[in-house]
Amino acid sequence: MNYWLFKTEPGCFSFDNLKNRPNMTEPWDGVRNFQARNYLRDTVKVGDLVLFYHSNIPQPAIVGLATVVREGYPDTTALDPEGEHFDPKSSPANPIWYMVDVRYLKEMTRQVSLEQIKANPLLEAMPLVNRSRLSIQPVTPEQGEIILAMGGTSLP
DNA sequence: GCCAACGTTGGC
DNA sequence: GCCAACGTTGGC
């Protein structure tokens with residue numbers, strides 16, 4: 001089981017959206033960055049734990065946990081000319097972009113803010129600290145466990 | 001709203 | 001293949 005950090009702008013898709021449909025799977029689509037795409041396509045596996053991060057708000061923070069329920073498959077939003085994630089270079093034969101499906105696990109007892117993460121020397125190697133723009137980030141088990149402890153949250 | 005970081009595009 | 005221009009992200 002690997003840990004990941006998935007970033008989202010809550011105005012676009014929030015942890016509450018996930019929490020309100022606890023038994024549903026949700027596609028993590030719209031990722032349009034090659035490094036993040038590679039993770040989604042090749043490395044993210046069923047059963048991996050997702051630290052759900054809210055970005056672009058006054059208090060960016062890890063707010064909850066999700067789990068991966070389907071591994072990388074072509075992102076259909078890239079094929080929809082009407083959608084905002086349309087990419088004319090993608091096609092069914094050459095999809096370019098990939099997504100995974102996730103499901104709600106639990107809310108953090110306490111949110112773990114970016115400020116707290118930056119203040120913890122044990123977490124300074126996280127991409128979030130110095131490569132904040134990457135939207136799908138690997139998290140080491142050590143980092144993951146520290147964050148769960150900071151959030152007063154254990155694995156379900 | 002500003003701006004730094006960084007990714008992408010396209011001319012050469 | 002280099003690099004300047006440009007666009008986007010996201011913290012502040």
Side-chain angles (χ1 to χ4, degrees), chain A residues 2-20 26-44 48-68 71-102 104-140 142-153:
Chain A
N2 288 309
Y3 290 84
W4 299 91
L5 186 148
F6 284 16
K7 281 191 311 184
T8 178
E9 298 189 26
C12 183
F13 183 79
S14 74
F15 192 67
D16 278 345
N17 295 139
L18 198 68
K19 190 184 173 189
N20 291 337
E26 298 288 338
W28 200 275
D29 56 29
V31 171
R32 296 293 179 268
N33 167 283
F34 284 106
Q35 192 176 353
R37 186 282 311 266
N38 291 346
Y39 287 133
L40 290 179
R41 187 188 58 187
D42 306 330
T43 322
V44 176
D48 283 356
L49 190 80
V50 173
L51 306 176
F52 199 109
Y53 178 82
H54 280 170
S55 69
N56 231 342
I57 51 172
Q59 274 267 6
I62 292 166
V63 295
L65 305 177
T67 187
V68 176
E71 285 167 24
Y73 63 105
D75 183 343
T76 48
T77 66
L79 302 172
D80 173 13
E82 307 299 315
E84 62 178 313
H85 297 300
F86 177 60
D87 182 350
K89 292 198 282 286
S90 73
S91 67
N94 180 24
I96 303 182
W97 304 111
Y98 284 74
M99 56 186 175
V100 301
D101 288 352
V102 300
Y104 172 81
L105 270 187
K106 73 195 292 191
E107 196 159 11
M108 299 296 275
T109 304
R110 297 184 299 273
Q111 296 191 359
V112 179
S113 69
L114 178 61
E115 190 179 11
Q116 288 174 275
I117 291 168
K118 284 185 162 178
N120 190 329
L122 296 173
L123 300 178
E124 68 185 6
M126 289 184 72
L128 193 65
V129 175
N130 47 23
R131 287 247 7 239
S132 73
R133 290 185 55 194
L134 186 61
S135 63
I136 303 287
Q137 307 186 356
V139 175
T140 69
E142 293 77 13
Q143 292 162 349
E145 283 159 21
I146 291 167
I147 288 167
L148 290 179
M150 289 168 79
T153 303

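Within every chain, numbering begins at 1; the chains are lettered A, B, ... in the order of the sequence lines, protein sequences first and strands thereafter. Side-chain atoms are counted along with the backbone in the values below, which use heavy atoms only and exclude waters and symmetry mates.
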Problem set entry | Side-chain donor or acceptor of K7(A) paired with backbone N/O of L134(A) under 3.5 Å | yes
Exercise. R32(A) and T77(A): side-chain donor and acceptor closer than 3.5 Å?
Worked result: yes
For this session: Assign each of R133(A) and N56(A) to its nearest nucleotide of DNA chain B by heavy atoms, then name whichever residue's nucleotide is nearer the 5' end.
Result: N56(A)
For this session: Specify the closest pair of heavy atoms between A78(A) and S90(A), including all atoms of both residues, with the distance to one decimal.
Result: O-OG, 3.1 Å
Seminar exercise, completed: Sorted by number, residues from residues 31-44 of chain A placing a heavy atom under 4.0 Å from DNA chain B are N33(A), F34(A)
Problem set entry | Minimum-distance pair of heavy atoms, taken over all atoms of E107(A) and F15(A) | CA-CE2, 3.7 Å
For this session: May I ask you to test the Y73(A)-D101(A) pair for a side-chain heavy-atom distance under 4.5 Å?
Result: yes
Exercise. Which atoms form the tightest heavy-atom contact between I136(A) and Y39(A), and what is the distance?
Worked result: O-CD1, 3.4 Å
For this session: Please report the closest heavy-atom contact between T140(A) and Y3(A), naming both atoms and the distance.
Result: O-CD1, 4.2 Å
Problem set entry | First of N130(A) and K89(A) reached from the 5' end of DNA chain B, by closest nucleotide | N130(A)
For this session: Would you grab the first and last nucleotide of DNA chain B (5' to 3') that comes under 4.0 Å of any non-hydrogen atom in chain A?
Result: dA5(B) to dT9(B)
Exercise. Which part of the nucleic acid, if any, lies within reach of P58(A) when heavy atoms closer than 4.0 Å are counted: base, sugar-phosphate only, or nothing?
Worked result: nothing
Problem set entry | Identified side chain to side chain contact (heavy atoms under 4.5 Å, CB included) counterpart of M150(A) within the set E145(A), Q116(A), M108(A) | Q116(A)
